[in-house]
Novice: 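Sharing a structure, written as structure tokens. Questions coming.
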Amino acid sequence: MPRAAGTADISSAAEDKLSFKLGLAAGVKCADLIAAYNACVGGRTVSVAWACRNAYRASQECIREYVNQDNLEVMKQRWIAAGKPRYPDWNQLMDGIVASEHRQQRHQQQQLQQQQGQQ
């Protein structure tokens with residue numbers, strides 16, 4: 001994958017670490033949606049494909065809000081601006097990256113749980 005201008009001097013290891021941290025944030029911020037999907041698939045086999053489709057899509061959409069190329073580029077630029085510290089201030093690097101749409105996703109997830117509970 002080609003690197004963006006201004007971030008060419010970032011090592012693969014550093015980029016992996018930044019991406020990993022985005023993934024951790026997504027896991028925390030989307031935990032409810034991930035848990036709803038996991039609860040849906042429990043005890044299912046073939047029916048997972050249609051019974052849990054909405055829960056899967058909701059969890060993936062939430063994760064994509066955090067783990068995406070735009071957010072990674074912002075983190076790279078901030079890390080470079082901070083002097084490429086070995087132990088960066090993660091709160092500073094991730095400030096403002098968390099998706100504002102997360103509240104809307106949580107509402108959708110609650111509706112999905114209610115619908116599944118009625119089935």
Novice: Output the distance between atom OG (S59) and atom CG (D32), rounded to the nearest 0.5 Å.
Specialist: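 If we round to the nearest 0.5 Å, S59:OG and D32:CG are 11.5 Å apart.
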Novice: Once rounded to the nearest 0.5 Å, what's the spacing between atom NZ of K17 and atom CZ of R86?
Specialist: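 So the NZ of K17 and the CZ of R86 are separated by 9.5 Å.
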Novice: Would a 4.5 Å heavy-atom cut-off, applied to side chains only, mark I97 and L22 as touching?
Specialist: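 Heavy-atom side-chain distance check passes, below 4.5 Å.
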Novice: To the nearest 0.5 Å, what is the distance between CZ on R44 and SG on C52?
Specialist: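 Reported value, rounded in 0.5 Å steps: 4.5 Å.
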Novice: What distance separates L33 CG from I63 CD1, expressed to the nearest 0.5 Å?
Specialist: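 The CG atom of L33 sits 8.5 Å away from the CD1 atom of I63.
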Novice: Tell me who clusters with L24, hydrophobic residues only, linked when side chains sit under 4.5 Å apart either directly or through other members.
Specialist: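 Noted: L24 shares its cluster with F20.
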Novice: Do the side chain of N68 and the main chain of R64 share a donor and acceptor less than 3.5 angstrom apart?
Specialist: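 A pair under 3.5 Å: yes.
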Novice: Run the salt bridge (charged side-chain N to carboxylate O under 4.0 Å, His left out) test against K84 and tell me which residues pass, sequence neighbours left out.
Specialist: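 If we apply the salt bridge (charged side-chain N to carboxylate O under 4.0 Å, His left out) test to K84, skipping adjacent residues, the hits are D9.
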Novice: How far apart are the closest heavy atoms of A51 and C40, and which atoms are they?
Specialist: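 Looking at all heavy atoms of both residues, the shortest contact is O-SG, 3.6 Å.
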Novice: Looking just at side-chain N and O atoms, do E73 and Q77 make a donor-acceptor pair shorter than 3.5 Å?
Specialist: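 E73 vs Q77: no donor-acceptor pair found between side chains.
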Novice: To the nearest 0.5 angstrom, please state how far the CZ atom of R53 sits from the OG atom of S47.
Specialist: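 So the gap between those two atoms works out to 11.5 Å.
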Novice: How does the hydrophobic cluster around Y37 look, that is, which other residues are in it when side-chain heavy atoms under 4.5 Å mark a link?
Specialist: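 Result for Y37 is V41, V48, Y56.
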Novice: Can you tell if the side chain of Q92 reaches within under 4.5 Å of the side chain of R78, non-hydrogen atoms only?
Specialist: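 A side-chain contact is absent here, since even the closest heavy-atom pair is not under 4.5 Å.
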Novice: When rounded to the nearest 0.5 angstrom, what distance separates CE in M75 from CE in M94?
Specialist: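 Between atom CE of M75 and atom CE of M94 there are 5.0 Å.
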Novice: Please check this pair: side chain of W79 against backbone of P85, looking for a donor-acceptor N/O pair closer than 3.5 Å.
Specialist: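 Side chain of W79 to backbone of P85, a donor-acceptor pair under 3.5 Å: yes, one is there.
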Novice: Please examine the side chains of L18 and W90, heavy atoms only from C-beta on, and report whether any two atoms are closer than 4.5 Å.
Specialist: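 Yes - at least one pair of side-chain heavy atoms lies under 4.5 Å apart.
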